[in-house]
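Structure first, then comments.
Given the structure is predicted, the values throughout are model-derived calculations rather than measurements. A, B, ... follow the sequence lines: proteins, then strands. Residue 1 opens every chain.
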Amino acid sequence: MASATSDQAPRTQRHLSRTADNGLKIVVVGGFGVGKTTLVRSVSEIRPLNTEETMTRAGEGVDELDRTSTKTATTVAFDFGRISVDDRTVLYLFGAPGQERFWFLWDRLFSGTLGAVVLVDTRRLADSWYAIDRLEHHGTPFVVARNDFGDASQHTDAQVREALDLPEHVPMITCDARDRESAKGVLIKLVQHLYALSTAARGSTHQ
Amino acid sequence: MSAGGTGSTGSTGGTASTSTGGTASTASTSTGRTPARAASRPGRDDSPDRLYTVTGGRSRTHSDAFDLVTLVVAESAPAPGMQSEHAAILRMCDYPVAVVEIAAELGLPVSITRILLADLLDTGRISARHPRAAPESAELPEPELLEQVLVGLRNL
Ligand SMILES: Nc1nc2c(ncn2[C@@H]2O[C@H](COP(=O)(O)OP(=O)(O)O)[C@@H](O)[C@H]2O)c(=O)[nH]1
Ligand SMILES: [Mg+2]
């Protein structure tokens, strides 16, 4: 299946600019197999990398564990890619599972995140309910992207919105996570949304 | 763009997905919690003991300063006799590298990586460029920054 990628131009960029000094975060959340890694790979300048974080129930780093109490540790794996925006700004994209133990680590990993993409498969919408709940709870702005597994026409946007109980003001877009332009479009949709929220919050009148 | 539409060969067609209109108000109760879809990945086989060894059991005193996307730059070359993880970080950070990339490269959890970085920062062997996306107070980044990001994305 891995070869399905249409235009996987491996624009490999080995290292950042020496002047890079501002890292930004966007998180892609969604159920298992919904296309998170695929979307990250489509736009990333590096092959997606994988890492993990381990925490105790008390919310402390594993380093503080007394060695006998490690049974309470929670480990969450996530992958990521990156996009150099300009000489100083670099955007990191994180693909993360929406499962419960992941949210337990949200503050530690993703505080200060610009926003999120909730990637959904319309055949399994219930998989994203929990993620949407949590994002709303954390006050993280997000857009919903319907990943097109060939059934895009089976549900109207209105039906999907209703099933997700998605407020009008949350943008929704259809994408093919394997396609670079389409994946780009999802990120642009999110940042446009953030821009609108940011200008509104600042009471800006222009634009 | 969006070439070759289909691709979803083995996708057992339209399983009666959801749209059970009634379930609408997920609000805070969310009956539909993700069914314990068994922990997708077990993580690496680092035993807690190995992690304990790497950090010498230190606590994370200064490590909280490191965000996942704090960019780290080496300020000195690895010295002989240095802990191997420390040396590896210095070699890796000739150019700026994010904390999360360092963790991935070392194959260590982020929290452990943060401790190693705090050691190096304390001894002046690295410098850290912390993210300035949103000042603590403001919820959202400045429109100017977002505009820059938009330009960058459109130019991809
Ligand atoms: N037809 C189709 N398949 C996709 C699409 N996005 C991802 N896939 C495939 O779905 C599978 C799971 O994708 P992956 O990115 O690993 O999902 P993740 O678990 O969310 O990271 C892979 O085999 C992908 O090639 C899409 O837009 N359309
Ligand atoms: Mg994945």
For A/Arg82 and B/Val69: C-alpha separation, side-chain torsions, deciding distance, then whether side-chain contact (heavy atoms from CB on, under 4.5 Å) applies. CA-CA 10 Å; A/Arg82 68 161 199 246; B/Val69 298; over 6 Å; no
Backbone N/O of B/Arg132 and side chain of A/Asn22: donor-acceptor pair under 3.5 Å: yes
If you compare all heavy atoms of B/Ala104 against all heavy atoms of A/Thr51, which two are closest, and at what distance to 0.1 Å? N-OG1, 3.9 Å
side-chain contact (heavy atoms from CB on, under 4.5 Å) for A/Glu53 and B/Leu68? Distances and angles first, verdict last. CA-CA 11 Å; A/Glu53 179 61 308; B/Leu68 275 191; over 6 Å; no
Atom CD of A/Gln192 and atom CG of B/Leu146: how far apart are they, to the nearest 0.5 Å? 11.0 Å
Tell me which of these, A/Val85, A/Ile188, A/Leu49, has more heavy-atom pairs under 4.5 Å with chain B than the rest. A/Ile188
Of A/Leu109, A/Thr19, A/Val160, the largest count of non-hydrogen pairs under 4.5 angstrom with chain B goes to A/Leu109
Only pairs of heavy atoms separated by less than 4.5 Å count here; which of B/Glu101, B/His130, B/Gln148, B/Glu105 has the most with chain A? B/Glu101
Which atoms of A/Asp21 come close to chain B, meaning under 4.5 Å heavy atom to heavy atom: side chain ones, backbone ones, both, or neither? both
Looking at B/Pro141, is its backbone amide N or carbonyl O close enough to the side chain of A/Ser198 to form a donor-acceptor pair, meaning the two atoms are under 3.5 Å apart? yes
When heavy-atom pairs shorter than 4.5 Å are enumerated against chain A, which of B/Pro96, B/Ala98, B/Ala128, B/Gly152 gives the highest number? B/Pro96
Find the distance between CG (B/Leu145) and CG (A/Leu24) and round it off to the nearest 0.5 Å. 5.5 Å
Nearest-0.5 Å distance that lies between atom CD in A/Glu52 and atom OG in B/Ser111: 9.0 Å
Interface check, chain A: of B/Val100, B/Leu71, B/Val149, most non-hydrogen pairs under 4.5 Å belong to B/Val100
Atom pair CD1/CG of A/Ile83 and B/Asn155 - distance to nearest 0.5 Å: 12.0 Å
With no hydrogens and no angle check, is any side-chain donor or acceptor of A/Lys184 less than 3.5 Å from a backbone partner on B/Leu156? yes
Contact class of A/Leu91 relative to chain B, heavy atoms under 4.5 angstrom: side chain
Name the region of A/Phe94, side chain, backbone, both or neither, that has any atom closer than 4.5 Å to a heavy atom of chain B. side chain
Do A/Arg18 side-chain atoms and B/Asp94 backbone N/O form a donor-acceptor pair below 3.5 Å? yes
Euclidean distance, B/Glu144 CD relative to A/Tyr195 OH, rounded to 0.5 Å: 7.0 Å
Determine yes or no for a side-chain-to-main-chain donor-acceptor pair under 3.5 angstrom, with B/Arg129 supplying the side chain and A/Ala20 the backbone. yes
